[in-house]
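Below is one structure, written out as structure tokens; comments come after it.
Just so it is clear, the model here is predicted, and its values are computed rather than measured. In listed order, ligands and their atoms are each counted from 1.
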Amino acid sequence: MIEKMERQQGVGGIAVDWSGLYATRMGKVTASDIRERMKLLADRSIIQLGGGLPDPALFPVAEAAAACARILGDPAQAATALSYARSEGHEPLRAWIAGHMTALGAPCGVDNILITNGSQQGLDFVARLLLSPGDTVAVEMPSFIGALRAFDAYEVRYAALPTAVEAPLPGGAKFGYLGPDFRNPTGTSLSLAERTAVVEKAAAIGLPLLEDGCYEQLWFEGAAAPSVFALAVQAARSVEACGVLHAGSFSKTLAPSLRTGWIAGPSAVIRKLVLIKQAADLATSALNQMLVLELAAGLEAHVVRARALYRRRRDAMLRALEDGMPPGVTWTRPEGGLYIWLTLPPGLDGAAVAERALMEDQVSVISGAAFYPVEPRRNTLRLSYSLASEADAAEGVRRLGRRIEAMMALA
Ligand SMILES: Cc1ncc(COP(=O)(O)O)c(C=O)c1O
């Protein structure tokens, strides 16, 4: 017996050097600052102004418990819920999402929807479908860090995707990735004119676009402008002829742990993405999808509550910034979503500020540099008002302001 175990432990005594075995695609893959910061969430002494996590107080816990009981209490539904789902997604949920997209101005059918494990998986799948090593992907600078990390793994180069109406789009990119609503990380949005222009310019040079619609529903001041996807579908007169894919999510409107998002686009592209889904994880959890479908019936009321809470917190954080930031610091004023972007005086390093704010002031914020794939603007920080109470946010911003002022004096 012992002899058998020894033989299994070491093949001739040679240990495997894993570090020499990783594929070249892992060369650019690094830990996300934000995922690292999530480890600090359990520490109650730290004021969380970093990650843009939905407030658990908003989770539809009672509704989810009742929906689970209904689904699992019915033998036929329970059998479906605990089986493998179709790779395309649970058909009734696909139909709900198709109706939702249609109501938002982008007429879609079931075949135009693939359900993914959160929209993050959708971003990865589109990258896997379109990007070969050495390809260029055009992104807004700064951009959502999760998308950059997904694209990095395909060994790509980056170009800037300017969204000003007059700015030309870069030639030669495989696709352009953009988040038009209350962006992560800046909190800013594209105007209707900018959306229309980007759709027209992209169509003129044959540049496909991937639209990240994660925050589309979280508007505070009147509904968001039509999505880039909706404008492209309308311009092409059909989703089948449109050059834009749209990544959607229930994470910020229901709960992130349900890991339910979607990609909407021409059915031929969706069929290709289904092949990727099959290879990646066969299917998204049927139980989660059925739960989301049940919860979707109350989505509007739920989102209304989320908008009210986040709007109050946005206002409180803007007030705290007015009171607590030294002259020379500027910030964005988001009309929805979860983020405010700070620009520090030139020469002040956001990463150093974030580090000292965490270690010495117990305030967690995110350095802005991580959101640039190239040529980071280091004098930037991302703040989120999603999680901290108004009192905590005011205290956190006050401490951060003092820290920035002290570091400015030394710079
Ligand atoms: C802009 C943006 N897109 C996509 C995601 C991914 O969200 P999920 O995979 O939970 O849908 C996030 C998460 O924070 C995000 O901020």
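Among all non-hydrogen protein atoms, the one lying nearest atom 12 (C) of ligand 1 is Phe144 CZ, 3.3 Å. Protein heavy atom in closest approach to atom 1 (C) of ligand 1: Asp212 OD2, 3.3 Å. Looking at atom 14 (O) of ligand 1, its nearest protein heavy atom turns out to be Lys252 NZ, 2.9 Å.
Within 6.0 Å of CZ on Arg128 lie more than 12 heavy atoms contributed by other residues, nucleotides or ligands. Residue Glu375 places its CD atom among 12 or fewer non-hydrogen atoms of other residues, nucleotides or ligands, all under 6.0 Å distant.
Distance check, rounded to the nearest 0.5 Å: OG1 of Thr116 to CG of Asp124 gives 10.0 Å.
Against a heavy-atom cut-off of under 4.0 Å, Arg259 is close to the following atoms of ligand 1: 8 (P), 9 (O), 10 (O). Those atoms of ligand 1 with a heavy atom of Ser249 less than 4.0 angstrom away are 8 (P), 11 (O). Of all the atoms in ligand 1, the ones that sit under 4.0 Å from a non-hydrogen atom of Ser251 are 8 (P), 10 (O), 11 (O). Here is the list of ligand 1 atoms found below 4.0 Å of a heavy atom in Cys214: 2 (C), 3 (N), 4 (C), 5 (C), 12 (C), 15 (C). Within ligand 1, the atoms closer than 4.0 Å to a non-hydrogen atom of Asn184 are 1 (C), 15 (C), 16 (O), numbered from 1 in the order shown.
Remark: ligand 1 and Gln121 share no N or O pair separated by less than 3.5 Å (distance only, no angle test). The shortest N/O to N/O separation between Ser119 and ligand 1 falls below 3.5 Å. Where the criterion is an N or O separation shorter than 3.5 Å, residue side chain and backbone included, Tyr177 fails it with respect to ligand 1.
Within the structure, side chain to side chain donor-acceptor pair (under 3.5 Å) contacts touching residues 197-207 (residues at least two apart or in different chains) do not occur.
The closest side-chain donor-acceptor pair between Asp152 and Tyr158 falls under 3.5 angstrom.
Residue Tyr215 touches ligand 1 through its side chain alone, judged by heavy-atom distances below 4.0 Å. No part of Arg183 comes within 4.0 Å of ligand 1, judged by heavy-atom distances.
Taking Arg237 as the reference, nothing meets the side chain to side chain donor-acceptor pair (under 3.5 Å) condition, with sequence neighbours excluded.
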| When you look at Glu335 and Arg307, which way does the salt bridge (charged side-chain N to carboxylate O under 4.0 Å, His left out) test go after all the steps? | CA-CA 10 Å; Glu335 295 179 353; Arg307 285 182 197 133; over 6 Å; no
